[in-house]
Amino acid sequence: MTDRAFALRFISGKYQGGEYPLGENGELVIGRSSDLDMVLIEDMVSRKHAKISLAPGAITIADLGSTNGTFVNGEKVKRARLKEGDRILIGTSILKLVSMTRAAGAPVLDPKAAQQNLEKTAAAQEKKSGGRTAVQGRLEEVPLVDLLQLLSTSKKTGAIVIKGYRSGRVHLRAGKVVSAVIDADPTLLPKKALFRMVGWAQGGFEFVPHEGEMAAMPSEIAEGTEQLVMEAMHHSDELTRGKLPLPTAAIGIAMPLVPKLRDLPPDEVDLVQLVHNYGVVQAVLDRASGSDLEVSQKLFALIQRGYLRQF
């Protein structure tokens, strides 16, 4: 017989590779203070940072007024209910709530032993990296939104370099996102490129620190990182809901074209011309002004009003 149990698995940061088993009841207080249940020794973690409450069928996390905040799946939270697969950012550590099997009746690893295992993991990581905390991994485990929150919180300057089927770079100055470039289409405006990259679910990444002062970059992004991340997540969610035309869809002018072109505002006339010239949604998204979400919504509206059709 086995019981389903949960653990917090460190997927990035100083304790990467470590796991902390959770019980079924009680509370787990996380922070830098040595008298807490889970002690994370790093500057970005507050003395008492967050608390996880455990009850049968429910696991919740609450921020304890920490300086740098607690994030769940890229969003800053005061309190949130957790489910399997959720990612938690505390300081520069990203933890994932995972399920594990435990023999029925077997005791949960006591907090002291669990903490000792974390410290051993941290020591092994430090030895392996020569004392440097390397931020690298795969987007399948650590999505870009989590990386952006992590690097923003720790005020890092440098570039997230993504490699794989698609590749690109996100540049940060003192934790603020200032630019983004997709290698296959370097002409995209930085904000548009960043929003696309937030939707990437595959690829390896590495944060490459920048030594010294970072020079100004073309068309720097103005918004703060937290606002930018929330907007990017909203765009990504809306684009994957299924109502809007897919990037791979063929699209053209409706035949016969019943509504009058003269009734369209200039920006929509430009969009119809792009559709006529290129015939594929992705090609239109690449060339149209505005974010992918804004352009997709306009294309959908033009289809609904009888100007365009999908094939």
Side-chain angles (χ1 to χ4, degrees), residues 73-75 85 139-140 143-146 148 162 164-170 177-203 218-311:
N73 298 330
E75 292 189 46
L139 295 176
E140 292 92 325
L144 184 56
V145 289
D146 287 23
L148 294 175
I162 299 173
Y165 170 65
R166 293 173 289 196
S167 58
R169 286 153 286 134
V170 180
V177 176
V178 293
S179 187
V181 179
I182 293 175
D183 292 344
D185 196 349
T187 61
L188 284 180
L189 288 173
K191 189 173 174 181
K192 190 167 184 172
L194 177 70
F195 283 12
R196 282 194 188 178
M197 294 165 78
V198 163
W200 292 1
Q202 293 181 317
S219 305
E220 288 199 5
I221 297 171
E223 292 90 341
T225 300
E226 195 167 328
Q227 178 189 341
L228 202 60
V229 166
M230 290 181 68
E231 192 179 349
M233 290 171 68
H234 168 69
H235 279 231
S236 184
D237 288 344
E238 289 295 318
L239 286 167
T240 55
R241 284 186 189 277
K243 185 176 76 169
L244 300 175
L246 293 172
T248 54
I251 192 169
I253 296 174
M255 297 294 288
L257 181 58
V258 176
K260 305 295 183 184
L261 285 172
R262 65 170 175 263
D263 294 336
L264 293 177
D267 64 318
E268 290 187 345
V269 173
D270 291 344
L271 210 51
V272 170
Q273 185 172 355
L274 284 173
V275 168
H276 174 70
N277 288 344
Y278 296 101
V280 177
V281 172
Q282 184 65 69
V284 175
L285 295 176
D286 290 344
R287 291 162 177 83
S289 59
S291 70
D292 287 350
L293 177 59
E294 292 164 346
V295 176
S296 295
Q297 288 172 333
K298 286 181 180 179
L299 290 175
F300 179 75
L302 287 166
I303 292 169
Q304 294 292 98
R305 287 150 54 198
Y307 287 95
L308 302 177
R309 60 173 177 166
Q310 284 192 82
F311 298 97

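- Here the closest heavy-atom approach between residue Ala180 and residue Met197 is recorded as CB-SD, 4.3 Å.
- Counting heavy atoms of neighbouring residues, nucleotides and ligands inside a 6.0 Å radius, atom CE of Met233 exceeds 12 of them.
- In this structure the side chain of Trp200 reaches within 4.5 angstrom of the side chain of Arg166, judged on heavy atoms.
- Using a 4.5 Å heavy-atom cutoff, the side chains of Asp183 and Arg169 are in contact.
- For Lys192 (side chain) and Asp292 (main-chain N/O), no donor-acceptor pair under 3.5 Å exists by modelled atom type.
- Nearest heavy atom pair, residue Val229 against residue Gly74, reads CG1-O, 3.9 Å.
- Atom CG of residue Leu188 and atom OG of residue Ser219 lie 11.5 Å apart, to the nearest 0.5 angstrom.
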Could you go through the side-chain contact (heavy atoms from CB on, under 4.5 Å) check for Arg287 and Tyr278 one step at a time? CA-CA 10 Å; Arg287 291 162 177 83; Tyr278 296 101; 3.2 Å; yes
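- More than 12 heavy atoms of other residues, nucleotides or ligands sit less than 6.0 Å from atom CD of Glu220.
- Taking the side chain as every heavy atom from C-beta outward, Leu261 and Val269 never approach each other to under 4.5 Å.
- Residue Ser289 comes nearest to Val295 through the heavy atom pair O-CG2, 3.4 Å, listed as atom of the first residue, atom of the second, then distance.
- Looking at Arg196 and Leu285, their side chains come closer than 4.5 Å, going by heavy atoms from C-beta outward.
- When every heavy atom of Thr225 is checked against every heavy atom of Leu148, the shortest pair comes out as CG2-O, 4.0 Å.
- Two residues are said to be in side-chain contact when any heavy atoms from C-beta on lie closer than 4.5 Å; Asp270 and Leu274 fail this criterion.
- In Phe311, the CZ atom is crowded: over 12 heavy atoms of neighbouring residues, nucleotides or ligands sit closer than 6.0 Å.
- Residue pairs satisfying the ring pair (Phe, Tyr, Trp, His ring centres under 6.0 Å) criterion with at least one member in residues 230-263, sequence neighbours excluded, are listed as follows: Phe195-His235.
- Side chains of Lys191 and Leu228 form a contact here, defined as non-hydrogen atoms less than 4.5 Å apart.
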Enumerate, atom names and distances included, each donor-acceptor pair closer than 3.5 Å involving a side-chain atom of residues 240-253, sequence neighbours excluded.
from   : atom 1 : to     : atom 2 : distance (Å)
Thr240 : OG1    : Ser236 : O      : 3.0
Thr240 : OG1    : Asp237 : O      : 3.1
Arg241 : NE     : Glu238 : OE2    : 3.1

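- In this structure, Leu264 and Leu271 have side chains that are not in contact, with every pair of non-hydrogen atoms separated by 4.5 Å or more.
- Of all heavy-atom pairs between Leu139 and Leu144, the closest is CD2-N, 4.0 Å.
- Sorted pairs that involve residues 236-268 and meet ring pair (Phe, Tyr, Trp, His ring centres under 6.0 Å), not counting sequence neighbours, are lacking altogether.
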